[in-house]
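The first residue of the sequence shown is numbered 1, and numbering continues consecutively from there. Just follow the structure's listing: the first ligand is 1, and inside any ligand the first atom is 1. Being a predicted model, the structure only gives us computed values, none of them experimental.
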Amino acid sequence: MSSYETLEIEDRGFARIVRINRPKALNALNPTVIAELSRAVEELGQQLETGNWGVRALILTGAGDKAFVAGADIASMVDMNKDQAHEFASRGHAVGEMLANLAVPVIAAVNGFALGGGCELALACDFIIASDKARFGQPEVKLGVIPGFGGTQRMIRRVGIARALELCVTGDMIKADEALRIGLVNRVVAGEQLLDTCLAMVDGIAKMGPLAVAAAKRVIHQGAELPLAAANLLEVQTFAGLFETRDQSEGMRAFLEKRDAQFTGE
Ligand code: CAA
């Protein structure tokens, strides 16, 4: 693994943990963090493409106990012109797309403030597991701008248009239990349980067929953007395609033979 200035990366069991590490700035996303996140995700993507399934999920979290990510770095943005802001937002979006396209699930372990770009980064993950101390919000309007890393669009898709409007127009922060109630997060746990909860999820995922997990993620993300008939066809084709894999044969035979499946990702 290459070295990073703003990220700490650690493999634990089947999880790759990527921790954004600028606690003094509440892990705010400056251009270096965005570039390093792209590199870290690309590195994992390349590893998976070689058929190395040693990592079965990515956990994204923030250093310290106060923030996941308190937004894009306001000090880096204050003097940007229109072209620079366009470039910055495009790079943030590229990270979100890379996370969506990764062949393994991505879990946001939200350990504190997830505001602005931090909330958007969490929204770009497949699941959000939040500490009971987490706070979510899209406060960009307080700064005279709007979300630029996918917050307006991914928020609509996650919680519906009325709640997305409320968050993006008022700039209000919501607590973890409210985020759970509106479907922004999957689960809320005590802060000290957060990482273990995520690691237990990864252990569960690691017992499944990796090609099937990748296919489920792909079909759900791609299908969500398609008309229902086309999305259903995508499901049928992908389901059928898995019958050309060794894992399908192994998984079904293992069930019938009453033993655990030994998946290899082939
Ligand atoms: N960018 C840069 N620095 C930030 C930051 C950010 N988004 N958020 C916090 N910091 C820095 C603070 O400036 C402060 O630095 P100093 O110690 O050097 O003064 C340090 O982190 C600690 O923050 P506070 O003293 O403010 O801590 P607090 O407990 O009083 O408040 C907070 C915490 C409510 C999260 C508050 O820091 C805050 O409101 N942060 C800004 C949140 C925000 O507006 N995020 C959206 C950014 S815009 C965006 O993200 C655009 C986009 O979509 C791409």
Side-chain angles (χ1 to χ4, degrees), residues 5-8 18-38 40-41 60-100 106 108-125 128 130-159 161 163-179 184-185 191 194:
E5 186 189 318
T6 63
L7 306 179
E8 273 177 11
V18 174
R19 188 175 280 106
I20 299 168
N21 187 24
R22 299 185 68 217
K24 285 187 185 145
L26 302 188
N27 304 320
L29 303 171
N30 64 15
T32 307
V33 183
I34 296 293
E36 292 196 337
L37 278 173
S38 297
V41 180
L60 203 53
T61 193
D65 55 9
K66 197 166 164 186
F68 171 69
V69 167
D73 190 302
I74 299 167
S76 303
M77 290 186 294
V78 61
D79 291 322
M80 280 182 185
N81 62 29
K82 183 181 172 187
D83 290 344
Q84 290 165 327
H86 194 285
E87 176 70 19
F88 186 54
S90 301
R91 287 181 190 268
H93 271 276
V95 171
E97 275 163 37
M98 288 170 79
L99 293 172
V106 182
V110 175
N111 52 311
F113 289 113
L115 302 176
C119 190
E120 297 170 282
L121 187 61
L123 280 168
C125 298
I128 304 179
S131 140
D132 51 5
K133 295 185 195 72
R135 298 284 181 275
F136 295 83
Q138 296 293 162
E140 288 88 346
V141 281
K142 296 183 187 171
L143 303 167
V145 293
I146 65 166
F149 291 171
T152 59
Q153 302 312 308
R154 285 206 180 86
M155 191 65 86
I156 297 173
R157 286 159 174 76
R158 184 88 56 138
V159 302
I161 196 160
R163 290 187 173 117
L165 269 165
E166 191 174 342
L167 284 162
C168 293
V169 165
T170 65
D172 285 347
M173 249 192 262
I174 58 171
K175 294 184 176 173
D177 56 352
E178 174 67 359
L184 172 54
V185 311
L194 180 63

Protein non-hydrogen atom below 4.0 angstrom of [atom] present:
atom                    : result
atom 24 (P) of ligand 1 : no
atom 29 (O) of ligand 1 : yes
atom 53 (O) of ligand 1 : yes
atom 16 (P) of ligand 1 : no
atom 35 (C) of ligand 1 : yes

Requested in this report: Just do the side-chain contact (heavy atoms from CB on, under 4.5 Å) check on Ile34 and Phe88 with the steps written out, would you?
Outcome: CA-CA 9 Å; Ile34 296 293; Phe88 186 54; 4.1 Å; yes
Pick one of side chain, backbone, both or neither for how [X] approaches ligand 1, counting any non-hydrogen atom pair under 4.0 Å.
X      : value
Gln138 : neither
Ala28  : side chain
Pro139 : side chain
Lys142 : neither

What I want to know is whether [X] and ligand 1 share at least one N or O pair that is separated by under 3.5 angstrom.
X      : result
Phe88  : no
Ala75  : no
Ile74  : yes
Leu143 : no

Only heavy atoms of [X], strictly under 4.0 Å: list the atoms of ligand 1 that pass.
X      : answer
Lys66  : 27 (O), 28 (P), 29 (O)
Glu140 : 48 (S), 49 (C), 50 (O), 51 (C), 52 (C), 53 (O)
Gly117 : 49 (C), 50 (O), 53 (O)

Would you confirm whether [X], through its side chain, and [Y], through its main-chain N or O, come within 3.5 Å as a donor-acceptor pair?
X      : Y      : answer
Thr61  : Ala109 : yes
Gln138 : Cys168 : no
Asn111 : Ala67  : yes
Glu36  : Glu5   : yes
Gln84  : Asn81  : yes

Query raised in the report: What is the nearest protein non-hydrogen atom to atom 14 (C) of ligand 1, stated with its residue, atom name and distance?
Result: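 The closest one turns out to be Lys24 O, 4.3 Å.
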Query raised in the report: In the protein, what heavy atom is nearest to atom 38 (C) of ligand 1, and what distance, to one decimal place, separates them?
Result: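 Ranked first by proximity to atom 38 (C) of ligand 1 is Leu115 CD1, 4.6 Å.
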Is [X] in contact with ligand 1, taking contact as a heavy-atom separation below 4.0 Å?
X      : value
Gly151 : no
Pro147 : yes
Met77  : yes

Report task. Identify which one of Glu140, Arg154, His93 satisfies the side-chain contact (heavy atoms from CB on, under 4.5 Å) criterion when paired with Glu120. Result ->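 Testing each of Glu140, Arg154, His93 against Glu120, the sole residue satisfying side-chain contact (heavy atoms from CB on, under 4.5 Å) is Glu140.
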Query raised in the report: Residues two or more places apart in sequence or in another chain: which of them pass side-chain hydrogen bond (donor to acceptor under 3.5 Å, both in side chains) with Arg22?
Result: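 Residues passing side-chain hydrogen bond (donor to acceptor under 3.5 Å, both in side chains) with Arg22: Asp73.
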Query - All side-chain hydrogen bond (donor to acceptor under 3.5 Å, both in side chains) counterparts of Glu87, not counting sequence neighbours - result: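 Checked Glu87 against side-chain hydrogen bond (donor to acceptor under 3.5 Å, both in side chains); matches are Arg91.
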Requested in this report: Tell me, with the steps shown, if Asp172 and Glu166 meet side-chain contact (heavy atoms from CB on, under 4.5 Å).
Outcome: CA-CA 8 Å; Asp172 285 347; Glu166 191 174 342; 5.7 Å; no
Report task. Would you mind finding which of Gly92, Ala25, Gly112 brings a heavy atom closest to atom 4 (C) of ligand 1? Result ->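 The residue whose heavy atom sits nearest atom 4 (C) of ligand 1 is Ala25.
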